[in-house]
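Below: one structure, written as structure tokens.
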Amino acid sequence: LSYGPGGLVFEGTLTGAGLNLEGSDLGTLVARMVYRDDALAIEDAVLRLPDGGEVRLSGSVAFRDPGSVAIEARAESYPLGPILSVAGIRLPIEGRLKGVVLLSGRPGAPSGRATFEAGPVSVAGVAFDDLEGDLLFTPDFLETGRLVLSQGTGRLTIRGGIPYRDPGD
């Protein structure tokens, strides 16, 4: 930790254990980061659960106006519950996720893309063999390019968009 011409400078490793968000266990965190000139570079961060599920993060956040964010997250056998909690989404779904999420834009209103697979999963208590999907999202809209739930030989495919912010906001 030091103070340079651009302000506060931090380069090092941040660790944490027993992390949770609204009752969802996020696991332990080990993150190599650099903070310099009002910008945070996440060189490598890993959220790891005791059972082996993990999310790896890298990217950057610029805090100086107007600000920007560019984050890549890669999940491997990580429970859907904590991921949805971080996104502020409550759905009756259980399962473990493998996939990639890319976020970019302004810190208060990022856009992004997610590609994922999970299985087996349970949606509102109904068991499915697999869930696969591609999602595009903006601060106001979620679009499913492909969202497929499979059970045996049956498949349920969902396509379309969902506005999730009140137009008056």
Side-chain angles (χ1 to χ4, degrees), residues 1-123 128 130-140 142 144 147 164-165:
L1 184 63
S2 63
Y3 196 82
L8 184 64
V9 177
F10 168 80
E11 185 170 346
T13 301
L14 177 68
T15 61
L19 302 175
N20 71 67
L21 178 65
E22 297 179 7
S24 291
D25 183 14
L26 301 178
T28 60
L29 171 70
V30 177
R32 284 192 338 266
M33 301 162 72
V34 176
Y35 179 84
R36 174 182 294 121
D37 298 325
D38 291 332
L40 177 66
I42 304 165
E43 294 176 348
D44 183 40
V46 181
L47 276 169
R48 185 170 288 125
L49 292 167
D51 65 7
E54 70 177 34
V55 175
R56 290 192 169 272
L57 301 140
S58 61
S60 62
V61 179
F63 296 101
R64 189 173 292 147
D65 264 349
S68 66
V69 61
I71 303 287
E72 177 178 319
R74 294 186 172 275
E76 185 70 44
S77 188
Y78 201 81
L80 285 162
I83 291 172
L84 294 173
S85 289
V86 167
I89 299 170
R90 294 193 182 277
L91 291 175
I93 186 167
E94 295 179 20
R96 297 181 86 78
L97 179 77
K98 175 182 180 180
V100 177
V101 177
L102 303 171
L103 289 175
S104 63
R106 301 287 176 242
S111 296
R113 176 184 184 108
T115 303
F116 60 89
E117 59 187 55
V121 297
S122 171
V123 179
F128 291 90
D130 299 299
L131 168 65
E132 296 179 7
D134 291 313
L135 304 174
L136 295 173
F137 49 93
T138 69
D140 304 315
L142 172 70
T144 62
L147 190 60
Y164 55 87
R165 185 172 290 178

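If you read the sequence from its start, that first residue is 1, and numbering goes on from there. The model shown is predicted, which means the values in this text are computed figures rather than measured ones.
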(Q) With a 4.5 Å cut-off on side-chain heavy atoms, are Pro110 and Ser104 touching? (A) no
Q.
Using every non-hydrogen atom in the two residues, find where Phe137 and Leu102 come nearest and quote the distance to one decimal.
A. CZ-O, 4.4 Å
Q. Nearest heavy-atom pair of Pro79 and Pro82: which atoms, and what distance?
A. O-CD, 3.3 Å
Q: State, yes or no, whether a side-chain contact exists between Asp51 and Tyr78 at a heavy-atom distance under 4.5 Å.
A: no
Q) What's the spacing between Ile93 CD1 and Ser122 OG if we round to 0.5 Å? A) 8.0 Å
(Q) Nearest 0.5 Å, please: how far is CD1 in Ile42 from CZ in Arg32? (A) 12.0 Å
Q. Atom CG of Leu49 and atom CG of Leu26: how far apart are they, to the nearest 0.5 Å?
A. 8.0 Å
Q: Just jot down the salt bridge (Lys or Arg N to Asp or Glu O under 4.0 Å) partners of Asp25, sequence neighbours excluded, or say none.
A: none
**Q.** Considering all heavy atoms, the nearest Gly18-Thr28 contact
**A.** N-CG2, 4.5 Å
**Q.** For Asp37, all residues meeting salt bridge (Lys or Arg N to Asp or Glu O under 4.0 Å), sequence neighbours excluded
**A.** none
Q) Heavy-atom distance under 4.5 Å between the side chains of Leu131 and Val123, does that happen here? A) no
Q | Side-chain heavy atoms of Asp130 within contact of Glu117, under 4.5 Å | A | no
Q: Evaluate the side-chain proximity of Val61 to Tyr35: yes if any heavy-atom separation is below 4.5 Å, no if none is.
A: no
Q: Compare every heavy atom of Ala45 with every heavy atom of Leu29, then report the nearest pair and how far apart it is.
A: CD1-CB, 4.3 Å
Q.
Could you check whether any side-chain heavy atom of Ile71 comes within less than 4.5 Å of a side-chain heavy atom of Val101, counting everything from C-beta outward?
A. no
(Q) More than 12 heavy atoms of other residues, nucleotides or ligands under 6.0 Å from CD of Glu94: yes or no? (A) no
Q.
What's the separation between atom OG in Ser68 and atom CZ in Arg106, rounded to the nearest 0.5 Å?
A. 6.5 Å
Q: Kindly indicate whether the side chain of Glu43, heavy atoms from C-beta on, has any atom under 4.5 Å from the side chain of Ser58.
A: no
Q: State whether the side chain of Arg48 and the backbone N or O of Gly27 hold a donor-acceptor pair below 3.5 Å, judged by distance alone.
A: no
**Q.** From Arg96 atom CZ to Glu76 atom CD, the distance as rounded to the nearest 0.5 Å
**A.** 10.5 Å
Q | Minimal non-hydrogen separation, Pro66 against Pro107, with atom names | A | O-CD, 4.3 Å
Q: Could you give me the CA-CA distance, side-chain angles and deciding distance for Asp134 and Thr115, then say whether side-chain hydrogen bond (donor to acceptor under 3.5 Å, both in side chains) is met?
A: CA-CA 5 Å; Asp134 291 313; Thr115 303; 3.1 Å; yes
Q) Mind checking whether Val30 and Thr13 have side chains closer than 4.5 Å, heavy atoms only? A) yes
(Q) Closer than 4.0 angstrom, basic N to acidic O: yes or no for Arg36 and Glu11? (A) yes
